[in-house]
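Order of the sequence lines fixes the chain letters, A, B, ..., with proteins taken first and strands second; residue numbering starts at 1 for each chain. Remember, it's a predicted structure, so these values are computed and weren't measured experimentally.
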Amino acid sequence: GQQLNQSPQSMFIQEGEDVSMNCTSSSIFNTWLWYKQDPGEGPVLLIALYKAGELTSNGRLTAQFGITRKDSFLNISASIPSDVGIYFCAGSNAGGTSYGKLTFGQGTILTVHP
Amino acid sequence: EPEVTQTPSHQVTQMGQEVILRCVPISNHLYFYWYRQILGQKVEFLVSFYNNEISEKSEIFDDQFSVERPDGSNFTLKIRSTKLEDSAMYFCASSPLHRGGIGGEKLFFGSGTQLSVL
């Protein structure tokens, strides 16, 4: 099956710093999504990307859909303590019967020190 | 804000027992899913369900697993005879589906049921 490689696996940063994480795949996805998971909770959608090259922002978060459709990155600017959590990339080739079948990366654990 | 609710939050069972995990998807959503996450690992797709039938299932979703929408609001995952390796967090999710198929991949996840098989 399709595999997503997400890096880094973990990050320890100071409050106020910017963060960047990325995701690569050996195969193409039509849609890239970024989710955040807090402890004991389900993943929450942050950003969805639908077109190659697309750059989308959601507050302090910015994500891009790579031109090759095999990668995506997520940036968080001016981090704050509540940014702590696990960030997952996910790819989808929605269509036909495959709506909502997401392939997830391994996650990036983000720790923010006040 | 509407949300996906799952019960119970924790389930402990003996190996070989049947378990039913319950979910109430967001009311106007049309696609329903089950995913699972083994401790420390990534979230994995199990099954998608649309129009009262399974749309797609993964290799994990073998004959021991089944899903059902018994009424207009609930969506359940049954594991017939649990194994130790079924221990995981099970997430239910739902998504809207707009004309042209847009939005179907925007999944809204519940908080999960932690299943422990002893």
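F75(B) has its ring centre less than 6.0 Å from the ring centre of F32(B). Ring to ring, Y33(B) and F91(B) are not that close: their centroids are 6.0 angstrom or more apart.
Applying the ring pair (Phe, Tyr, Trp, His ring centres under 6.0 Å) rule to F29(A) yields the partners W32(A); only residues at least two apart in sequence or on another chain are considered.
For a residue to count as touching a neighbouring chain, one of its non-hydrogen atoms must lie under 4.5 Å from one of that chain's; by this rule Q37(B) touches chain A with the side chain only. Only the side chain of Q37(A) comes within contact range of chain B, with heavy atoms under 4.5 Å apart.
More than 12 non-hydrogen atoms from other residues, nucleotides or ligands lie less than 6.0 angstrom from CG of D62(B).
With chain A as the partner, the residue from F108(B), Y35(B), Y50(B) showing the most heavy-atom pairs under 4.5 Å is Y35(B).
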